[in-house]
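All of these numbers come straight from a predicted model, not from anything done at the bench. Side chains are part of it too, since the values below use all heavy atoms of this structure and drop only hydrogens, waters and symmetry mates.
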Protein chains: 2
Amino acid sequence: MGTPKRKGGTTRSSLIYDTLRQDLVNGRFKAGEKVAISALKEHYEVGLSPLREALNRLAAYGLLIQENQRGFRVPGLNREELDDIAEMRRELEVMALKRAIERGNAEWESELLAAAHRLRRADETSQPVEEWEQLHGKFHRTLLAPCGSAWLLRFIEQLYDQFDRYRRLAPPAPQMREHLNRQHDQLVTLALAGKVTEAQELMEDHIHRSYLVALGACQ
Amino acid sequence: MGTPKRKGGTTRSSLIYDTLRQDLVNGRFKAGEKVAISALKEHYEVGLSPLREALNRLAAYGLLIQENQRGFRVPGLNREELDDIAEMRRELEVMALKRAIERGNAEWESELLAAAHRLRRADETSQPVEEWEQLHGKFHRTLLAPCGSAWLLRFIEQLYDQFDRYRRLAPPAPQMREHLNRQHDQLVTLALAGKVTEAQELMEDHIHRSYLVALGACQ
DNA sequence: GTCGAAAATATAATCGATTTTTTGAATCCG
DNA sequence: CGGATTCAAAAAATCGATTATATTTTCGAC
């Protein structure tokens with residue numbers, strides 16, 4: 001019958017992968033630190049096999065560093081790496097934005113407006129930070145989604161995670177944050193109006209300002 | 001002493017990863033096919049744990065598709081995907097080439113000449129194809145190596161592998177191949193002369209011609 | 001014959017234990 | 001003392017077996 005016997009088709013490996021990815025991006029592990037596998041095992045109450053599979057995936061994704069025979073380490077935080085990440089994010093997101101604006105359809109416009117609205121509301125009602133982060137990521141993904149390139153989106157997602165490791169660790173900058181929030185709405189306006197160049201310039205500025213905030217994590 | 005007691009620090013997991021990566025890029029698995037884990041286990045004479053870790057890495061890298069509770073599949077080959085891969089490769093390699101030319105030093109110039117020479121020689125003496133492929137990859141990596149962005153190089157490497165899945169499967173096109181080989185030397189000349197724009201244009205053409213060859217794998 | 005349910009089989013995922021390698025401390029010459 | 005060497009403890013990697021899930025087959029009712 002209509003029983004919720006719906007199988008999500010999930011696996012311990014994937015669950016722990018998602019959890020660890022979140023925790024790594026959120027800076028819950030000290031940068032540069034060695035990963036104590038058996039401690040994780042205890043902490044997350046998970047077996048060794050699924051845990052190791054998740055760690056292997058995370059290393060291939062770039063959120064961990066794998067060293068043969070000596071396990072996994074959390075990547076360090078340093079300015080040069082952040083420069084690289086921010087620069088690549090800028091290049092790729094600007095590229096994707098152009099394509100998204102040119103290819104986005106009416107359905108996309110609605111979703112984009114909705115995502116921006118939810119983000120704005122979460123900010124005004126000062127929701128828990130994790131809630132806001134979720135909606136923020138969702139907004140940026142929605143904005144670029146119709147760019148037409150699965151690989152481009154994949155790389156951008158990866159860079160976004162890398163970038164967020166720094167940004168979430170940086171000290172709060174309320175004024176800048178407010179400015180960044182306003183830019184989200186401006187991005188929507190320009191995107192819906194089809195103003196490619198202006199939207200691209202705004203995106204550059206948006207990422208640059210975020211970069212300035214994220215820099216605070218490097219000292 | 002000079003004893004070859006050099007510790008490679010390798011692991012079964014990494015060995016099987018490298019082997020599988022090679023075999024996947026070389027098209028030794030049918031596209032779209034489900035991966036029979038226990039068959040691989042036998043074939044490569046490896047245990048289940050290291051094998052699964054390697055498969056997880058390959059899925060995160062994009063050479064396999066992981067589906068919870070139903071194992072791994074080899075990605076299919078289709079034109080749209082190839083278009084995406086080639087287009088991204090073009091964008092990113094052109095970007096990297098500019099930076100590499102601007103930042104490459106004398107040491108790089110020597111290595112680039114050497115890599116081009118080895119590639120040319122392998123072609124003239126008709127070495128085994130695997131030898132040539134190795135040197136070809138090495139040449140392209142050397143060309144872009146000093147671009148200064150680890151992430152850019154990482155993405156390019158990934159796309160190169162994806163692209164090669166198609167190219168190596170495509171029927172031979174000796175005439176085009178010869179033209180592509182000449183372009184390698186021209187790329188070196190332009191790069192060493194610091195002619196950024198011309199080198200970029202040549203790179204675009206090079207990737208486009210390779211794309212035309214690779215298209216042959218789609219029918 | 002065919003559709004659907006239920007048992008049987010095959011495969012994926014996970015566990016617990018073992019082996020291998022690294023790390024860190026203690027020891028031994030020079 | 002300093003530097004290498006050995007040994008013990010810790011950690012990583014791997015194995016063999018078990019459990020859970022998907023897939024195939026069988027079987028009975030229509």
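- In this structure, N26(A) contributes its side chain and R28(A) its backbone to no donor-acceptor pair below 3.5 Å.
- Taking the ring centroids of H184(A) and H117(A), they lie at or beyond the 6.0 Å cut-off.
- Look at E91(A) and K98(B) and you find no salt bridge, because none of the NZ, NE, NH1 or NH2 atoms lies under 4.0 Å from a carboxylate O.
- Taking atom CG on L55(A) and atom P on dT14(D), their separation rounds to 14 Å, with Å as the unit.
- The main-chain N or O of L119(B) is never found under 3.5 Å from a side-chain atom of D123(B) such that the two would form a donor-acceptor pair.
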Check nucleotides 9-13 of chain D against the protein and report each pair of N or O atoms closer than 3.5 Å, with its distance, or say if there are none.
unit_1	atom_1	unit_2	atom_2	d
dA12(D)	OP1	K34(A)	NZ	2.7
dA12(D)	O3'	G71(A)	N	3.4
dA13(D)	OP1	Q69(A)	N	3.0
dA13(D)	OP2	R52(A)	NH1	2.8
dA13(D)	OP2	R52(A)	NH2	2.9
dA13(D)	O3'	T11(B)	OG1	3.2

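- Between Y44(B) atom OH and dC15(D) atom C1' the separation is 21 Å, expressed in whole Å.
- Ion pairing of R165(A) with D161(A) is absent here, as no side-chain N (NZ or NE/NH1/NH2) approaches a carboxylate O to less than 4.0 Å.
- Of the residues listed (H136(A), R89(A), E93(A)), the one engaging Y160(A) in a side-chain hydrogen bond (donor to acceptor under 3.5 Å, both in side chains) is H136(A), and it is the only one.
- Summarising the geometry, the separation between NZ on K41(A) and P on dC15(C) is reported as 8 Å, rounded to the nearest angstrom.
- In this structure, CZ of R73(A) is placed 16 Å from C1' of dT23(C), rounded to the nearest angstrom.
- In this structure, L51(A) places its CG atom 16 Å from P of dA13(C), rounding to the nearest Å.
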